[in-house]
Amino acid sequence: MLHSLSRSPFSFLISALLALLPLSSAERIIKSNSLNPCQANSSFSATLFNVAFTPDNRTLTFNIVGVSAIAGNVSIVAEVFIYGYKAITEKIDPCTQDALKGLCPMNTGSITIDSNYPDISKSVIKDIPNIAYTIPDLDAKIKVYINSTDTNEPLACVEAELSNGQTVDHKAVGWVTAVIAGIGLVASAITSGLGHSNTAAHVAANALSLFGFFQSQAMFGITAVSQPPIVASWTQNFQWSMGIIRVGFLQKMATWYQRSTGGTPTTYLSSLSTTSVEVQKRSINFGQLATRALGRVYSRSNSQATNAENQNRVVLRGIKRVGFRANIEITNIFFTAYAFFIIFVLLVIVCVVLFKFICEGLVKAGKMKSDKFTDFRNGWKTVLKGIMFRIILIGFPQMIVICFWELTVRDSAAEVVLAIFTVVVMLGILGWASSKVIRIAQRSIMMHKNPAYILYSDPIALNKWGFLYVQFKATAYYFIVPFLIYILIKGMFIGLAQGSGVTQAIALVLIEASFLVGISVLRPYMDKKTNGFNIAIAAVNFLSSIFILVFSNVFNQPGLATGIMGVIFFIYNAAFALVLLLMVLISSGFALFTKNPDTRYHPMRDDRGSFIKSQTQLTTELDALGATARGEGKGQHRSRTGIDDDVDSLSSDSIDRTHLATKEGTFGTEPPRSPINPSMPLFPSQGGSPPAAAPGAPPPTYYNRTNTASPVARVQSSHSTSGNSYQQYPQGGSIRSEAPSQPGAFRTQNNSSPWQRGAGYDH
């Protein structure tokens, strides 16, 4: 029984989840592996520093190799700060401690200390809270002052960051978030191919919003603001969304490319034995001795009589800090992020092409019904174009940040040119696509009094440009423009202002506040749930921007307040991310594994479902009439349209415009009008000539509907007589060969046709 239980899928899943959890070590420990000066002209520095404190056996073990310019007897004062709170202050006399005999007296030159300090007093151990041993990414440091015994003059000051071995920066977190976001996008694509457009739109909108939230978390992490350790580690989990992912061969390729184009690569990772690299963390106001030199890069030499620092020290902030933590050389960050974007684009193209041929092969082999993925198989090139546009939109925040940042660091001339070219091309593509959507919607309003008509009735326009507007309601088709402006301004501040964390923090607060107010007032997304989903994300981003402003120390708050706020930042962002992940995962599961997932969602109020082309679900004659009005035949896919970019560009020839005028009404000398002829009789009259519509009467409007009768006029043909019960239909105007005996009953029965209702006619 135990053997069968151990092999069950459930037990395997539990074991896998437990393996991902950051379990605490059985032995409590606080350790440090770096030592940095905390005063100018410090007379002591360390090339090797390993210290570990184990409270269970009350022992402090240390291995230090340093250089001293101090001669004479000294006293040592050690202070321990936990989340900005001074927890311990201990005075030590090296002459009274056997483990520190090498410091009594201190001599100039090299100093090696490899020993332990046993029997730490119990009162000292009690002063350290238990949370210091268990909370991940402990925000603690120890400062050591070396003072002259004779004059009590401070000779040196060094500080060490402390760690308990626990962290929230796990590769598993990055993989899980990336996979779930990818599942959402794939589920929306498959659902759309199966004809469930409503479900596909909801899943895609939520997946894109989730991906945008991950990118926002990553952007907060790459600001130049000093951050508590737990904040820096948490945001590091989402740097994959910015393309900052270490791959060995890419690092070699990036170094080669930079050297071959005139750049000089950094060697921080390979010279850690001679260079002290410090990732910038939050600064604490320790009084007059607190250093204000974060960010300075300075070298130290033994030739300086008052400065014993014989190694280079570099403080990294922002994007450089994130890249270094990911084990990526600073000069390779741009190339790495850029390469991953290109690889992602190529991978998607290959997957789409393979899926096309797999579908065709399965249909020919008889293993898949011929009506599956019909729209995709017939117009897969147009679908692929739309997917490429969507990838550009997804990668827009990433590329804006790293390309503008590259303009400030200038790794090589070729990379600068590449950054400028990429920004111009992406802005041009997204700007053109946005203007195209606006023009299509405005034409639809002029012709049909409804922006949704052409935006959703034309499959080529929907597949190519739909990535810009399907997540919004039809009347908010324009909102993609302020959204792109929001991303552009935000990315520019993060990429260009890496030298000033305060500037970035203030800008982020203003930008996030403006975006939150905008979507809260306009509510541009497709329905109430999607609006709530995105408003919640905007609210959390705004709250996070306030925390980033506090971390910049612009308010000069106590260190304890900063430490506590860092923990709160992690807790609410982690909880919110978990909720979003579960929502997207559940909605993706329903979309993929339920027979009719559209039943979970209410029809859109903009009636987009009435206009979306359906080759397989023309259930009523009015639905078929809608397909006829759109110029479609069942089982066919239009290869050309008068609405797509290739025809409606400024360079279109007169033949294409004439073809468009034939299908949708001449608008060369007259305003555009609906393709449905208002004089075409849809149904025969009852015993007489039907009343004609008033000349020049406007079509019904989408914005001001009434429950009046259908405004489509039914006038008698010039070829019919007053005694005829049936009229002659214009060519191509009717889909029936003869009328029903009771037309009124037919109209009542088919009054709820989605096409008729979507065109703006309610009865």
Side-chain angles (χ1 to χ4, degrees), residues 9-10 12-22 168-194 196 199-221 233-245 326 340-341 343-345 347-348 351-352 355 387 390-391 393-398 467 470-471 525 529-530 532-534 536-538 540-541 544 570-594 597 600-601:
F10 179 76
F12 175 78
L13 178 61
I14 294 298
S15 301
L17 291 175
L18 290 176
L20 296 178
L21 294 177
V168 297
D169 179 12
H170 290 279
K171 290 184 178 180
V173 176
W175 276 104
V176 169
T177 54
V179 168
I180 293 179
I183 288 176
L185 295 175
V186 172
S188 65
I190 295 176
T191 308
S192 177
L194 293 175
H196 305 296
T199 300
H202 281 83
V203 175
N206 291 341
L208 289 175
S209 298
L210 176 67
F211 196 88
F213 174 73
F214 292 160
Q215 288 180 322
S216 295
Q217 293 287 291
M219 288 183 180
F220 290 133
S233 294
W234 167 252
T235 55
Q236 190 76 23
N237 289 317
F238 303 98
Q239 297 305 327
W240 60 266
S241 65
M242 305 298 291
I244 302 178
I245 308 171
F340 265 101
F341 178 74
I343 291 173
F344 180 63
V345 171
L347 182 63
V348 170
C351 291
V352 172
F355 187 71
I387 293 175
R390 175 160 292 186
I391 291 177
L393 179 62
I394 292 175
F396 185 63
Q398 165 195 345
F467 74 101
V470 292
Q471 64 268 35
Y525 291 91
K529 291 183 178 179
T530 310
F533 192 88
N534 287 274
I537 291 177
V540 171
N541 287 339
S544 297
F570 160 71
I571 292 175
Y572 79 78
N573 274 290
F576 187 71
L578 178 61
V579 172
L580 295 184
L581 287 169
L582 291 176
M583 291 177 64
V584 171
L585 189 61
I586 292 173
S587 62
S588 300
F590 275 107
L592 293 175
F593 301 111
T594 56
R600 296 186 65 245
Y601 304 98

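Taking OG of Ser587 as the start and CG of Leu582 as the end, the distance is 10.5 Å to the nearest 0.5 Å. To the nearest 0.5 Å, atom CG of residue Asn573 and atom CG of residue Asn541 are 8.0 Å apart. The distance from atom CZ of Arg390 to atom CG of Leu208, rounded to the nearest 0.5 Å, is 5.5 Å. Rounding to the nearest 0.5 angstrom, the gap separating the CD atom in Gln215 from the CG atom in Leu210 is 10.5 Å. To the nearest 0.5 Å, atoms CZ (Phe214) and OG (Ser241) are separated by 8.5 Å. Separating the CD atom in Gln236 from the NE2 atom in His170 is a distance of 13.0 Å, to the nearest 0.5 Å.
Residues Gly243 and Phe340 share a closest heavy-atom pair of O-CD1, 3.7 Å. Here the closest heavy-atom approach between residue Ala200 and residue Thr191 is recorded as N-CG2, 4.0 Å. The shortest heavy-atom contact between Pro397 and Met242 is O-CE, 4.1 Å. Of all heavy-atom pairs spanning Phe211 and Ala181, the tightest one is CD1-CB, 4.2 Å. The two residues Ala187 and Ser588 have their closest heavy-atom pair at CB-CB, 3.9 Å. Nearest heavy atom pair, residue Val168 against residue Ser233, reads CG2-CB, 3.7 Å.
Side-chain atoms of Val348 and Ile391, non-hydrogen and from C-beta on, do get closer than 4.5 Å to each other. Using a 4.5 Å cut-off on side-chain heavy atoms (C-beta onward), Asn237 and Thr177 make no contact. No side-chain heavy atom of Thr199 sits less than 4.5 Å from a side-chain heavy atom of Thr594. Side-chain contact between Phe238 and Ser216 is absent, with no heavy atoms from C-beta onward closer than 4.5 Å.
Formation of a donor-acceptor pair under 3.5 Å by the Gln217 side chain with backbone atoms of Thr235 is not found in this model. Under the 3.5 Å distance criterion, the side-chain polar atoms of Gln398 are left unmatched by any main-chain donor or acceptor of Ile244.
In summary, of the residues considered (Val179, Val186, Leu185), a side-chain contact (heavy atoms from CB on, under 4.5 Å) with Ile183 occurs for Val179 alone.
Ring centroids of Phe213 and Phe576 are separated by less than 6.0 Å, placing the two rings close together.
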